[in-house]
Number of protein chains: 2
Amino acid sequence: MRVRLEDVAKAAGVSPKTVSRVLNNEENVRGPTREKVLAAMAAMDYRPHLSARSLASNRSYLVATLYDNPSSNYLTEIQTGVLDACDEHHYSMMVRPLLAESPDFVERVDALILHHRPDGFVLTPPITEHPQLLAHLKQRGVPYASVSPVQHEAVIGAFIDEPQAAREMVGHLLSLGHRRIAHVIGHPAHGASGWRLAGYRDALAAAGLPYDPALVVEGDFSFGSGVAAARTLFSLTDRPTAVFAANDDMAAGVIWAAGEHGLAVPRDVSVCGFDDTPISRQIWPTLTTIRQPSREMGRIAALQLLASLRGRGEGHMVQLPFALQVRESTAPVS
Amino acid sequence: MRVRLEDVAKAAGVSPKTVSRVLNNEENVRGPTREKVLAAMAAMDYRPHLSARSLASNRSYLVATLYDNPSSNYLTEIQTGVLDACDEHHYSMMVRPLLAESPDFVERVDALILHHRPDGFVLTPPITEHPQLLAHLKQRGVPYASVSPVQHEAVIGAFIDEPQAAREMVGHLLSLGHRRIAHVIGHPAHGASGWRLAGYRDALAAAGLPYDPALVVEGDFSFGSGVAAARTLFSLTDRPTAVFAANDDMAAGVIWAAGEHGLAVPRDVSVCGFDDTPISRQIWPTLTTIRQPSREMGRIAALQLLASLRGRGEGHMVQLPFALQVRESTAPVS
DNA sequence: ATGAAAGCGCTAACAA
DNA sequence: TTGTTAGCGCTTTCAT
């Protein structure tokens, strides 16, 4: 038979409510009493019944993570971080893949709210930028945290200074003597694409270099779009000597296309990415990129959400550090 | 205020218990009565309260999907399929990344069981092959379904005929005139690695070709291991004219390494993979591979689990079809 | 085929 | 600081 809160109460010689107080870290329990209860819980290996708690307290102890891009390493990392935070606080996490483009997007999320009653959401890009969804969540009164949202104000979550990271990446290329530096833009629905582009432009401007639209090509974060973009760039009469792709997959595509054009990386052209996903270490040459603490971002965002759920302070938007990873795909201009 | 079962009962002019019967598809409700109740539910947009159901019925309506490899497309696909099935039956799904190697692996799963009380598990490779876990689940009485397990007997789930798929893939290479066909083995902990190797050997034997150990190299399903394996293979005096890698990531690595060695694919060497993951369409040349209905496998496995949970029959091990996808990375031997 | 009563394990509101 | 009582919304058991 399973151990119930009542059994713990009997064993500890207190009332059920006192055990409940200890369980929920409430105040108004004296040290010794708390100790007694905790000891009894441990001795009996007591595990609270989630559904009973949930029914009585009208909270689900559930956090739902919403994502759109179903197979990106980056999102899997974030998921893991969110899970870390939930585990720490005995919350459960559910994930929900969604198509942000689909017409019944908000409806689906609403069905999820009605059915599972999550206490809060963690939103990942690009769902962080969906105005109707955000409005709906506010209307329903369901709190949420965002990972890398475009808007930082009035939102809790975690982010890195993406424009600054992009500036440092371009700065690295400049320091190697590159002057014709191309950029492959990411998926237009992602805020990160705009930021990375902005950082690229800033860095050029700061170095007194002109912005050449011919050197800036659109992609969509996929390997294939990197290949396509690079084919365009490498066909230019005045080829770039360096390519900054807005993520690693596209950078890998650029390196692939360089091979097609008989260009050696980094001898003939330097290539760099963003995100430090596994592919950056698997390809050859290994990729110079920006390390983003994705898992930690998921964890911190979730922790902020949980803090706000439990009324412990407000919950904040937390800035995390990034790191430039210099590897073998970038070299001095020849 | 939210609509409760009692409200529906009042609106339909029946007792709460009758509504409950309709909700749970129980018998002993006459057609007209059922209709009335269903109409009331729909009109009021009634959604049962998960925790209340769970508390009263001692079931969680929760399926937990366990996985080890945290960032593979294949597993994300399976996850999505499991989610499809759970949605269809108003179950929720939680995912749990685990390290099968870690010493407290079973302990962690047990903590999950105690805390969340899932009604069942869906296991994905290689966790399908963990004897201690399987023993523990049986002891705890928690049912599970397996996707692509090595053992098909006495287990419910879904699989494809992997040896046959590998045989067809090698058959394709043979039909193009290849005779020196290499194989890059997958991760040793995965049952699929053994099956695909077996299919490779069978096909060679059936064609009357000798098995040459020098042409069989170990990998671990990663891009990098494909690169490493190919470097070995392409350094042989008597190079293979075709390489069958046990998954797409490794095949992409092989193509990459071919470039390093100045070999054009498919002109100088044919390469093929397995799984038909997105990368197979993103690289150039596009990859000949085996399409495996991963999402459907997840869905079917979960459906079998749910069927057995609800006592509707036994739950079976279902075989699903695969398909050889011939693309541009394989060509007649030159 | 349908209904009434009891209770799942916990917490909220109130009392002491 | 601690305990008592009543219920959360549903399903169970047992009637009818």
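Every chain is numbered from 1 and lettered A, B, ... according to where its sequence line falls, protein lines coming before strand lines.
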**Prompt:** Does the side-chain contact (heavy atoms from CB on, under 4.5 Å) test come out yes or no for A:Y67 and A:R96, once each step is laid out?
**Reply:** CA-CA 6 Å; A:Y67 66 97; A:R96 177 76 23 165; 6.0 Å; no
**Fill in**
Tightest non-hydrogen contact, residues A:S146 and A:V155, listed as OG-CG1, 3.6 Å
**Minimum heavy-atom distance between A:P118 and A:V142, given as atom pair plus value** = O-CG1, 4.0 Å
**Request:** Could you work out which one of C:dT11, C:dC8, D:dC10 sits closest to the side chain of B:L55?
**Result:** C:dC8
Calculate the interatomic distance between [X] atom [atom1] and [N] atom [atom2]; express it in whole Å.
| X | N | atom1 | atom2 | value |
| --- | --- | --- | --- | --- |
| B:L5 | D:dG9 | CG | P | 11 Å |
| A:L114 | D:dG9 | CG | C1' | 15 Å |
| B:E35 | C:dA1 | CD | P | 15 Å |
| B:R117 | C:dC8 | CZ | P | 15 Å |
| B:N58 | C:dA6 | CG | C1' | 16 Å |
| A:Y61 | D:dC8 | OH | C1' | 13 Å |
| B:R53 | D:dT11 | CZ | P | 5 Å |
| B:H90 | D:dC10 | NE2 | C1' | 17 Å |

Should [X] be listed as having a side-chain N or O under 4.0 Å from OP1 or OP2 of [N]?
| X | N | answer |
| --- | --- | --- |
| B:T18 | C:dT2 | no |
| B:R30 | C:dA1 | no |
| A:S15 | D:dT4 | no |

Could you list, one pair per line, each protein nitrogen or oxygen that sits under 3.5 Å from a nitrogen or oxygen of nucleotides 12-15 of chain C, together with the distance?
from   : atom 1 : to    : atom 2 : distance (Å)
C:dA12 : N7     : A:K17 : NZ     : 3.3

**Message:** Between the side chains of B:D7 and B:K10, is the shortest nitrogen-to-carboxylate-oxygen separation below 4.0 Å, so that they form an ion pair?
**Reply:** no
**Prompt:** Got a sec? Which of residues 40-49 of chain B come in under 4.0 Å of DNA chain D, heavy atoms?
**Reply:**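 Going residue by residue through residues 40-49 of chain B, the ones with a heavy atom under 4.0 Å of DNA chain D turn out to be B:Y46, B:P48, B:H49.
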**Request:** Could you verify whether a donor N or O on one side chain and an acceptor N or O on the other, from B:S51 and B:S54, lie under 3.5 Å apart?
**Result:**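 No, no side-chain donor-acceptor pair sits under 3.5 Å.
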**Request:** Kindly determine whether A:L50 and B:R117 satisfy side-chain contact (heavy atoms from CB on, under 4.5 Å), including the steps that lead there.
**Result:** CA-CA 9 Å; A:L50 226 50; B:R117 298 190 156 57; over 6 Å; no
**Message:** Under the criterion side-chain contact (heavy atoms from CB on, under 4.5 Å), I'd like the reasoning laid out for A:R299 against A:E88: C-alpha separation, chi angles, the key distance, then a yes or no.
**Reply:** CA-CA 10 Å; A:R299 181 166 165 274; A:E88 288 170 29; 2.7 Å; yes
**Request:** Have a look at B:T33 and say if it touches a base, only the backbone sugar-phosphate, or nothing, with a 4.0 Å heavy-atom cut-off.
**Result:** sugar-phosphate
**Asked** To the nearest 0.5 Å, how far apart are CZ in B:F105 and CD1 in B:I127?
**Response** 4.5 Å
**Prompt:** Pick one: which of A:L123, A:V147, A:L66 meets side chain to side chain contact (heavy atoms under 4.5 Å, CB included) with A:T128?
**Reply:**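 By the side chain to side chain contact (heavy atoms under 4.5 Å, CB included) criterion, A:T128 pairs with just one of A:L123, A:V147, A:L66: A:L123.
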